[in-house]
Q: 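Please see the structure below; I have some questions.
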Amino acid sequence: MSTVESPDHTVPTAVLDGAVEEYPRDKLYILTALFLAVVTATEVATYAWPSFKAWHWSETSSIGIITVLLLLMAVKFFTVAYIFMHLKFDKPILTRLFYAGLGLAILVYLAVMLMFRIYFPGQHI
Amino acid sequence: MAESIAAYEAKVSAADATAPVAHIDDATNTGISNTKLAMWLFLASECLLFGGLITTYLLYKNPLEGPTPKEIFDIPFTSVSSFVLLMSSLTMVLAVSAIERGDHHQLRVWLAATALLGATFISGQVYEFTVFYREGLGYTTSRFSSAFYTLTGFHGAHVTVGIIMLVSLLLLSLRGKMPEHRSETVEVVGLYWHFVDVVWILIFAVVYLIPS
């Protein structure tokens, strides 16, 4: 293992020892990646095997497949945010900050869709 | 009312002060470094940018003219690209873990792997755009094509910026300018990279997989 010594070393390495010790998360990261791979494979399966009964709740619409895909998307999104982006391990203020941006984005989506009357059949602009 | 707000703020502040942290507390009111807080603020604002672009795409996804999404999308190819980008998040987080252990060799390996996976994703996107263009889907062909290229193009630009940052970190590490106490720099770049990944998770499902 090669290490690099910094000429402007202002923080002693010993100070960081605690952080290093409380950070044995490599196994968790690999398991998370495996989980994400399985979820992605399930997503792709909705395209590869569209006739599979699990994502067909309605004979007349795609509501089943859309719901399954949205749920899988949300699972992947929050898994990456919580584990890989460390929201699970970090200060709650960061989670609130991220949710604020996410909430505003959802409000923008709803506002535009309502403005164009997407949710009102026959009135779509 | 004012008292209850003050009590709530005190409770939240106390929760933040005693929250488990991934890293050592900084000497700021929140215990979070300004750089990291700024990156999270930037990412929150990026949610709005991509929220707007995804909304526009959903509004215009049914083309009035030109090829339809169903006719041109190559889902198996894009699935492989998506998987590549997803795995780059793993290599990125392993790079952060490596520098916090002080393992500079592993840091370089994982940074290089992340940049390579990102470059593979971008190559796939360039290939995909070229194929679509040859099949008659130009930027101004239809409202669908404009919304599609703008959304995926913006995302591709973000991935490219991420690759530049990763290569910069790699060069800094090779020159010995990335000591352990600067591990937060790698973490902040990692946050940006993971965000690019979560945005693609949304795009992949909403644009490619969900049927019209």
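Throughout, a chain's letter reflects where its sequence line sits, starting with A, and its residues are numbered from 1.
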Q: Examine whether an atom of B/L41 lies under 4.5 Å from a heavy atom of chain A, and if so say whether it belongs to the side chain, the backbone or both; otherwise answer neither.
A: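 When you check distances to chain A, atoms from both the backbone and side chain of B/L41 fall under 4.5 Å.
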
Q: Count the heavy-atom pairs under 4.5 Å between each of B/M92, B/Q106, B/M87 and chain A, then report the option with the highest count.
A: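 The residue among B/M92, B/Q106, B/M87 with the greatest pair count is B/M87.
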
Q: Counting only non-hydrogen atoms closer than 4.5 Å, does A/A33 touch chain B with its backbone (N, CA, C, O), its side chain (CB onward), both, or neither?
A: both

Q: For B/F83, does the CZ atom have more than 12 heavy-atom neighbours from other residues, nucleotides or ligands under 6.0 Å away?
A: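 12 or below, so no.
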
Q: Highest number of heavy-atom pairs under 4.5 Å with chain A: which of B/V199, B/I54, B/L202?
A: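 Most pairs with chain A among the choices: B/L202.
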
Q: Do A/E43 and A/K76 meet the salt-bridge criterion of a basic N to acidic O distance under 4.0 Å?
A: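 Counted as a salt bridge, because a side-chain N and a carboxylate O are separated by less than 4.0 Å.
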
Q: Between the side chains of B/W193 and B/T114, does any donor sit under 3.5 Å from an acceptor?
A: no

Q: So which residue, B/L37, B/L107, B/I75, ends up with the most heavy-atom pairs under 4.5 Å with chain A?
A: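 It is B/I75.
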
Q: Taking side chain as everything from C-beta outward and backbone as N, CA, C, O, which of these in A/L104 sits under 4.5 Å from a heavy atom of chain B? Side chain, backbone, both or neither.
A: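 Both parts, backbone and side chain.
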
Q: Do side-chain atoms of B/T78 reach the backbone of B/D74 as a donor and acceptor pair under 3.5 angstrom?
A: yes

Q: Whether the side chain of B/S146 engages the backbone of B/S142 through a donor-acceptor N/O pair (distance < 3.5 Å, no angle test) should be reported.
A: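 Yes, the answer is positive, given that a donor and an acceptor are paired below the 3.5 Å cut-off.
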
Q: Which members of residues 34-41 of chain A, sorted by number, sit under 4.5 angstrom from chain B on a heavy-atom basis?
A: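 Under the 4.5 Å heavy-atom cut-off, A/L36, A/A37, A/T40 qualify.
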
Q: Could you tell me whether the side chains of B/W200 and B/S82 share a donor-acceptor contact shorter than 3.5 Å?
A: yes

Q: Measure A/F84 against the heavy atoms of chain B and call it side chain, backbone, both or neither at under 4.5 Å.
A: both

Q: I'd like to know if the side chain of B/Q125 pairs up with that of B/H155 as donor and acceptor (distance under 3.5 Å, no hydrogens or angles considered).
A: no

Q: Near B/Y127 OH, under 6.0 Å, is it more than 12 heavy atoms from other residues, nucleotides or ligands?
A: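 Not more than 12 within 6.0 Å, no.
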
Q: Are the side chain of B/Y192 and the backbone of B/V161 linked by a donor-acceptor contact shorter than 3.5 Å?
A: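 Checking the backbone N and O of B/V161 against the side chain of B/Y192, no donor-acceptor pair under 3.5 Å is found.
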
Q: Taking the six-membered ring for Trp and the single ring otherwise, decide whether the centroids of B/H158 and B/F50 are under 6.0 Å apart.
A: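 Yes; B/F50 has its ring centre under 6.0 Å from that of B/H158.
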
Q: Give the member of A/L87, A/L107, A/V68, A/T32 that has the highest number of heavy-atom pairs under 4.5 Å with chain B.
A: A/L87

Q: Is any side-chain N of the basic residue among B/E184 and B/K36 closer than 4.0 Å to the acidic one's carboxylate O?
A: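 Looking at B/K36 together with B/E184, the answer is no, because their closest N to O distance does not fall below 4.0 Å.
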
Q: Non-hydrogen atoms of chain B under 4.5 Å away: do they reach the side chain of A/L110, the backbone, both or neither?
A: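 Contact with chain B: none, neither part.
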
Q: For chain A, which of B/G52, B/S45, B/C47 has the most heavy-atom pairs under 4.5 Å?
A: B/C47

